[in-house]
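Note that the coordinates shown come from a computational prediction; the quantities given were computed from them, not determined experimentally. Lettering of chains follows the sequences in order, A, B, ..., and the numbering in each one begins at 1.
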Number of protein chains: 2
Amino acid sequence: MTEASSSLSAATAAAVVQALALRELRLTANRRSVLAMLEHGERPLTTEEVAAGSGVPVSTVYRNLAELVDAGVVVRVAGAGGGDRHELAEAFSEHHHHHLVCTDCGIVTDFTPSRQLETLIEQEVGALLASEGFEVAHHVFDVRGRCRACSSVRR
Amino acid sequence: MTEASSSLSAATAAAVVQALALRELRLTANRRSVLAMLEHGERPLTTEEVAAGSGVPVSTVYRNLAELVDAGVVVRVAGAGGGDRHELAEAFSEHHHHHLVCTDCGIVTDFTPSRQLETLIEQEVGALLASEGFEVAHHVFDVRGRCRACSSVRR
DNA sequence: ACTGTGAATGAGAATCATTATCAATATGTT
DNA sequence: AACATATTGATAATGATTCTCATTCACAGT
């Protein structure tokens, strides 16, 4: 209950209210703070990071993130060890992107692949329903390795 | 120490011995059982699954899997909840493939994308060193959704 | 604005997965 | 066989996440 450095944008808030209403969830001050963190963070955040940055108690952050994931507003991103990370679902944020996961320091940054690659991925993934009976929700394309900072240090 | 239903193939064993030797690790009976599970399982397995299936105590399975991951013989695959899953690294197994993760039951199955898609991915990923200073180890391309069994039931 | 009902909160307890400990044992070597 | 070192496994310790429950808050109807 301290404060959020910046608040949730009105556009996002409106869309979120809709999504939450379907599950009889309310857009409370805490959930606003949590979402604001994700909206303004330029990378997926751990539960601890969200709690620390928003001032919302950890138990509430855990609960809220789980509810928001269920509601499809937030998605979980697998990092490298440490805790799970979270970011706004694509429908509620800027653009489609993927992740660069540093296996040394665990940090996750975004990157946007070429339009060509995305198109091909979409095609391929779309065919899975027919071939495997697999109902695709979305795809994860992450690149793992060592970030610039880490590669200039150890090993 | 019960028994492994099937044993580790000789070819894999030979390659693994080499990889382990570099770290002064031995290919013990337990590690053989663990690896045999991964070699014959047709999908990534959780630590519990490996322990249950091989009869090796969980504490040892945890330790062995961690060592094998360090040695590059096994890779961790992020599932949906539950525990982390593991499979033989590509250098020690059949072919390059990716994963279909069911967000309902958590099961992970393999699928092989087209050669065209792989080539494009490789190109794009290779360019990241120059553009981002990111030293790529490998890429993860997983598709999330609901498997045939789960889509025919709930929701 | 006032009230009622159900959702949300938060501090701590409880749980679950994973890691560390350490004495006993197994491995590969000379 | 004897040695030096890696491995094992039962259990304790840790760390992350979930649960509990009495209190507080949010929204709808008045």
Just the rounded figure in Å: distance from [atom2] of [N] to [atom1] of [X].
X     : N      : atom1 : atom2 : answer
A:N30 : C:dA7  : CG    : C1'   : 13 Å
A:L25 : D:dC25 : CG    : C1'   : 15 Å
B:L20 : D:dT5  : CG    : C1'   : 16 Å
A:Y62 : C:dT15 : OH    : P     : 18 Å
A:E48 : D:dA16 : CD    : P     : 7 Å
B:R76 : C:dT18 : CZ    : P     : 8 Å
B:E67 : C:dT18 : CD    : P     : 16 Å
B:R63 : C:dA20 : CZ    : P     : 11 Å

Salt bridge (charged side-chain N to carboxylate O under 4.0 Å, His left out) involving [X] - partner list, sequence neighbours excluded:
X      : answer
A:E135 : B:R146
B:E48  : none
B:R26  : none

How is A:E24 classified with respect to the nucleic acid when contacts are heavy atoms under 4.0 Å: base, sugar-phosphate, or nothing?
->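 If one applies the 4.0 Å heavy-atom cut-off, A:E24 turns out to touch the sugar-phosphate alone, with no base involved.
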Could you tell me which residues satisfy ring pair (Phe, Tyr, Trp, His ring centres under 6.0 Å) with B:H96, sequence neighbours excluded, listed by chain and number?
->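 Ring pair (Phe, Tyr, Trp, His ring centres under 6.0 Å) list for B:H96, sorted by chain: B:H98, B:H139.
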Report the residue (A:N64 or B:V58) whose heavy-atom-nearest nucleotide on DNA chain C is the more 5′ of the two.
-> A:N64
Transitive ILVMFWY cluster of B:L117 at side-chain heavy atoms under 4.5 Å: who else is in it?
-> A:L100, A:F111, A:L117, A:L120, A:I121, A:V125, A:L128, A:F134, A:V136, A:F141, A:V143, B:L100, B:F111, B:L120, B:I121, B:V125, B:L128, B:F134, B:V136, B:F141, B:V143
OP1 or OP2 of C:dT9 sitting under 4.0 Å from any side-chain N/O of A:T60?
->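 For C:dT9, neither OP1 nor OP2 has a side-chain N or O of A:T60 closer than 4.0 Å.
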Considering only side-chain heavy atoms of A:S59, which listed nucleotide, C:dG12, D:dT8, C:dT9, is closest?
->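 Closest of the options to the side chain of A:S59: C:dG12.
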Quick one: which protein N/O atoms are closer than 3.5 Å to N/O atoms of nucleotides 26-30 of chain C? Pair and distance per line, please.
unit_1	atom_1	unit_2	atom_2	d
C:dT27	O2	B:R26	NH1	3.1

Go through the steps for B:E90 and B:H138 under the test side-chain hydrogen bond (donor to acceptor under 3.5 Å, both in side chains), then give the verdict.
-> CA-CA 11 Å; B:E90 289 184 357; B:H138 63 279; over 6 Å; no
Nearest-0.5 Å distance, OG of residue B:S6 to CD of residue B:E39 =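 Atom-to-atom, B:S6:OG and B:E39:CD are 8.0 Å apart.
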